[in-house]
Novice: 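Quick one: structure below, then a few questions.
Please read these numbers as outputs of a predicted model, since none were measured by experiment.
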Amino acid sequence: MKSTKVFKHDVETSQPRKWELALNEAQLPITEKSNPITQNIDKSDSVQIVQLLKECDAEIFQKEDSTTTKYKTLYSESILATMVDTAKQVKELLKDPENNLIVLSGCGTSGRLAFLLASSFNKLFKTASCDYVIAGGDKVLITSQELSEDNPEAGIKMLKKISERKERVMFFGISCGLSAPFVAGQLHICLNNPEKFIPVLVGFNPVNMAKSDKIEGWHSTFRQVAEGIQKLEKLHKAYIINPIVGPEGITGSSRMKGGSATKILLESIFLAAHKALANNSDITDGCLLDLLTSYEKAWIITYTHSEKIAALVKQAGASLQQNGNIYYIGWKSLGIMGIIDASECVPTFGADFSHIRGFVDISFKDLANNDGDMSTLGPEFSISHDDFRKNILPTIHKNDTIVFIFTLDDEVSEIEKFAHQVKMSTSNLFAISHGRPKQCMTKQLKKVFSVIISVMWPATLPNYEGCYIQMFQHELSTKWILNAISTGAHVLKGKVYYNFMIDLKVSNSKLFDRALYILQRLTGQTQTKCFETLLKTIYETDELNEKMKNVEISQHIQHAAEMNEIIPTAMVALMRHCSISEAKARLASCAIVRDVISSIDIQEKKMESRSHRNN
């Protein structure tokens with residue numbers, strides 16, 4: 001295999017891999033560690049926020065260096081070798097789409113990307129070779145359904161149904177933290193039926209950091225399943241693709257780097273397989289390196305627009321601070337990227353679905369999702385441009401922010417007409433456009449937008465389906481920009497303390513564990529004390545009875561799933577040694593959660609300082 005040591009990288013960060021030295025987090029999985037780069041992101045302005053997120057995203061592309069890291073990276077030879085072997089298997093299955101199937105599965109962001117990628121790959125292959133499974137079903141494409149991630153039996157049932165008519169199934173189980181019970185159940189079925197299934201585990205922790213806690217109501221842990229995949233991998237009957245890309249910019253928010261790295265890995269594998277099949281050629285590590293390098297260049301190209309991205313972040317933050325909303329108006333797959341980004345804000349920041357919403361120019365029929373038309377399920381499922389015109393446009397006010405997302409290959413006259421309609425209601429109109437160097441936006445369209453992020457792309461790689469590489473790059477670039485907008489806006493709104501999301505929804509076991517850790521880390525209290533206060537907050541009481549203490553975690557989660565400000569309330573109660581009702585009252589007196597906690601933190605430190613002086 002060709003060595004990767006000669007590959008030259010353009011990516012550097014100000015504090016590369018400093019997270020490895022964080023001793024107070026030594027036992028945490030990497031995907032749950034806090035990133036030193038963004039330690040003070042909560043005190044940053046929009047320009048600084050974008051710069052910090054840029055540096056975090058750069059860690060996706062850092063190369064392996066035995067002197068600084070013990071972990072495999074995206075460019076490690078062993079990762080490239082596994083990607084090559086996986087692409088070869090994809091190529092073989094694509095030769096007989098009637099009897100073979102490739103299934104992509106995940107929860108939350110991973111599941112939404114599974115849907116998008118399966119749809120794109122079927123168009124690329126011109127067959128129905130791919131399908132997807134998402135925890136909670138297609139509703140999760142639009143809304144948050146975190147509790148479904150904890151159900152391995154549901155995952156098993158869905159995989160069996162989707163694969164029953166096929167002889168061979170290659171199953172990609174995506175779990176960024178190697179923790180999702182839904183995915184564990186599906187991988188377990190693959191392990192027990194190696195004649196039919198070829199399992200591929202995709203994530204961003206080492207196997208020894210896979211979640212080892214007992215899965216409620218099931219017989220295995222995720223780590224046991226991952227170790228089973230490892231054993232089959234030695235027999236070339238399974239694959240694990242788990243490069244380390246570093247902690248997230250907002251602690252644990254795998255919608256960001258985890259989602260980006262998932263997209264990069266799977267698209268590279270499938271593009272390489274498609275090229276090899278179309279050209280009757282071999283798949284080599286050189287093929288994969290070329291593709292990975294093109295995504296690295298996409299990172300560079302995207303962040304050359306940091307100044308304008310920061311302008312959008314500033315405006316979006318102002319909208320949320322002034323009780324306004326943010327709306328993404330997108331075309332084709334870029335519209336879907338907007339819907340995905342918006343849907344993730346509810347569990348991550350405790351947002352209401354109306355705070356950030358995405359709309360796309362296609363209907364559910366064109367979306368071709370498994371469950372079909374979902375427009376009657378509720379207002380959040382109204383996602384078309386027509387829905388926006390009918391339901392949202394009449395309510396637009398000066399505090400709202402509108403972002404148009406398109407390519408210059410889209411129907412520009414339609415975009416211009418739509419933009420003029422919106423401009424009549426608000427001046428906060430922005431654009432993210434993608435094009436080629438010889439393309440340009442009309443003067444009339446330019447005049448409509450306050451700020452335009454105009455991303456120009458060079459020629460695509462030779463010997464590949466150019467339009468698909470270009471589309472994938474547009475999507476990833478858009479993802480990075482939208483992640484910055486929605487994350488930065490919530491940081492400016494005060495939903496982040498240091499780099500912890502302090503107002504997340506406690507709606508599944510992963511988020512319950514994360515909530516407990518955040519309380520321990522930020523208050524310095526014992527796990528027992530934090531656990532008790534978390535339960536008191538969930539049940540809105542200062543006295544826990546034995547029933548509350550002894551029920552399964554899933555019952556606590558069911559009670560907490562729709563509640564707001566659980567972590568802030570518990571933090572205030574712990575830091576002020578006060579009742580739950582008093583903690584709620586303190587939070588109610590200030591619109592910015594971070595400011596309440598910061599003021600208490602400062603008071604506590606002053607009291608400690610006086611105590612030390614007196615002693």
Side-chain angles (χ1 to χ4, degrees), residues 89-90 93-94 96-123 125 127-175 179-202 215-220 222 225-226 228-229 232 237-239 262 266 270 364-365 367-377 381 508 554:
Q89 284 283 5
V90 171
L93 266 64
L94 289 175
D96 184 11
E98 289 294 320
N99 296 308
N100 299 330
L101 182 67
I102 298 166
V103 177
L104 310 176
S105 177
C107 308
T109 298
S110 298
R112 295 177 189 110
L113 287 174
F115 156 74
L116 179 64
L117 295 174
S119 176
S120 298
F121 297 151
N122 281 336
K123 292 174 184 175
F125 302 144
T127 65
S129 302
C130 295
D131 213 330
Y132 70 95
V133 177
I134 182 169
D138 278 2
K139 289 189 295 184
V140 177
L141 298 175
I142 314 296
T143 62
S144 173
Q145 306 281 331
E146 271 73 30
L147 192 56
S148 59
E149 300 178 15
D150 288 343
N151 192 338
E153 296 296 342
I156 292 169
K157 183 178 179 181
M158 293 171 79
L159 178 59
K160 284 182 175 179
K161 181 178 180 180
I162 209 169
S163 61
E164 59 188 359
R165 294 190 179 92
K166 300 293 183 176
E167 293 179 9
R168 288 288 273 164
V169 177
M170 191 168 192
F171 175 77
F172 287 80
I174 310 163
S175 177
S179 60
F182 180 86
V183 173
Q186 296 169 321
L187 289 168
H188 180 76
I189 287 297
C190 296
L191 285 173
N192 289 339
N193 194 356
E195 299 305 314
K196 178 166 184 169
F197 291 101
I198 306 167
V200 184
L201 172 56
V202 178
I215 295 174
E216 191 177 316
W218 205 52
H219 50 76
S220 296
F222 200 109
V225 172
I229 300 290
L232 270 189
K237 294 183 177 181
Y239 305 95
T262 296
L266 295 182
F270 281 78
F364 276 107
K365 181 180 179 181
L367 209 58
N369 57 299
N370 290 336
D371 292 349
D373 189 354
M374 299 187 292
S375 59
T376 60
L377 296 182
F381 293 91
N508 65 20
S554 62

Novice: Answer yes or no: is there a donor N or O on one side and an acceptor on the other, between the side chain of Lys196 and the main chain of Cys190, under 3.5 Å?
Specialist: no
Novice: Which heavy-atom pair separates Asp371 from Met374 by the least distance, and what is that distance?
Specialist: CB-SD, 4.5 Å
Novice: Do the side chains of Cys130 and Phe125 get nearer than 4.5 Å, heavy atoms only?
Specialist: yes
Novice: Find out whether Phe381 and Thr376 are in side-chain contact, i.e. whether some heavy atom of one side chain is under 4.5 Å from a heavy atom of the other.
Specialist: no
Novice: Verify side chain to side chain donor-acceptor pair (under 3.5 Å) between Gln145 and Thr143, making sure each step is shown before the conclusion.
Specialist: CA-CA 7 Å; Gln145 306 281 331; Thr143 62; 3.2 Å; yes
Novice: side-chain contact (heavy atoms from CB on, under 4.5 Å) for Lys139 and Leu377? Distances and angles first, verdict last.
Specialist: CA-CA 9 Å; Lys139 289 189 295 184; Leu377 296 182; 3.9 Å; yes
Novice: Ignoring hydrogens and geometry beyond distance, is a side-chain donor-acceptor pair present between Asn369 and Asp138 at under 3.5 Å?
Specialist: yes
Novice: Kindly compute the distance separating CG (Asp150) from OG (Ser554), expressed to the nearest 0.5 Å.
Specialist: 8.0 Å
Novice: Do Ile229 and Val200 pass the side-chain contact (heavy atoms from CB on, under 4.5 Å) test, and can you show the C-alpha distance, the side-chain angles, and the key distance before you say yes or no?
Specialist: CA-CA 8 Å; Ile229 300 290; Val200 184; over 6 Å; no
Novice: Considering only heavy atoms from C-beta outward, does the side chain of Asp131 approach that of Asn370 to under 4.5 Å?
Specialist: yes
Novice: Does Glu98 have more than 12 heavy atoms from other residues, nucleotides or ligands lying within 6.0 Å of its CD?
Specialist: no
Novice: Rounded to the nearest 0.5 Å, what separation is found between the CG atom of Leu93 and the CG atom of Asn99?
Specialist: 10.0 Å
Novice: Can you tell me how far the CG atom of Leu141 sits from the CG atom of Leu116, to the nearest 0.5 Å?
Specialist: 10.0 Å
Novice: With rounding to the nearest 0.5 angstrom, report the CG to NE2 distance, Asn192 to His188.
Specialist: 4.0 Å
Novice: I would like to know whether Leu187 and Phe171 meet side-chain contact (heavy atoms from CB on, under 4.5 Å); could you show each step before the answer?
Specialist: CA-CA 8 Å; Leu187 289 168; Phe171 175 77; 3.7 Å; yes
Novice: Check whether any side-chain N or O of Ser110 sits under 3.5 Å from a backbone N or O of Ser175 as a donor-acceptor pair, and report yes or no.
Specialist: no
Novice: Parallel under 30°, tilted from 30 to 60°, perpendicular over 60°: which one fits the rings of Tyr132 and Phe115?
Specialist: perpendicular
Novice: Does the side chain of Phe182 reach to within under 4.5 Å of the side chain of Ile156, using non-hydrogen atoms?
Specialist: no
Novice: Given side chains that start at C-beta, do those of Ser119 and Phe121 come closer than 4.5 Å, heavy atoms only?
Specialist: no
Novice: Tell me, with the steps shown, if Phe172 and Val103 meet side-chain contact (heavy atoms from CB on, under 4.5 Å).
Specialist: CA-CA 6 Å; Phe172 287 80; Val103 177; over 6 Å; no
Novice: Quick one: does any side-chain atom of Glu149 pair with a main-chain N or O of Ala180 as donor and acceptor, under 3.5 Å?
Specialist: no
Novice: Working to the nearest 0.5 Å, report the span between CG of Leu232 and CG of Leu201.
Specialist: 12.0 Å
Novice: Check whether any side-chain heavy atom of Val90 sits under 4.5 Å from a side-chain heavy atom of Met170, and report yes or no.
Specialist: yes
Novice: Would you check if Cys107 and Ile134 make a side-chain contact, meaning some heavy-atom pair closer than 4.5 Å?
Specialist: no
Novice: Which pair of heavy atoms, one from Arg168 and one from Phe197, lies closest together, and at what distance?
Specialist: NH1-N, 3.8 Å
Novice: Identify the heavy atoms of Ile215 and Pro181 that sit nearest to each other, and give their distance.
Specialist: CG2-CB, 3.8 Å
Novice: Tell me whether the count of non-hydrogen atoms from other residues, nucleotides or ligands lying under 6.0 Å of NZ in Lys160 goes above 12.
Specialist: no
Novice: Can you tell me how far apart OG (Ser105) and CD1 (Ile174) are? Round to the nearest 0.5 Å.
Specialist: 7.0 Å
Novice: Any donor-acceptor pair under 3.5 Å linking the side chain of Asn122 with the backbone of Ser129?
Specialist: yes
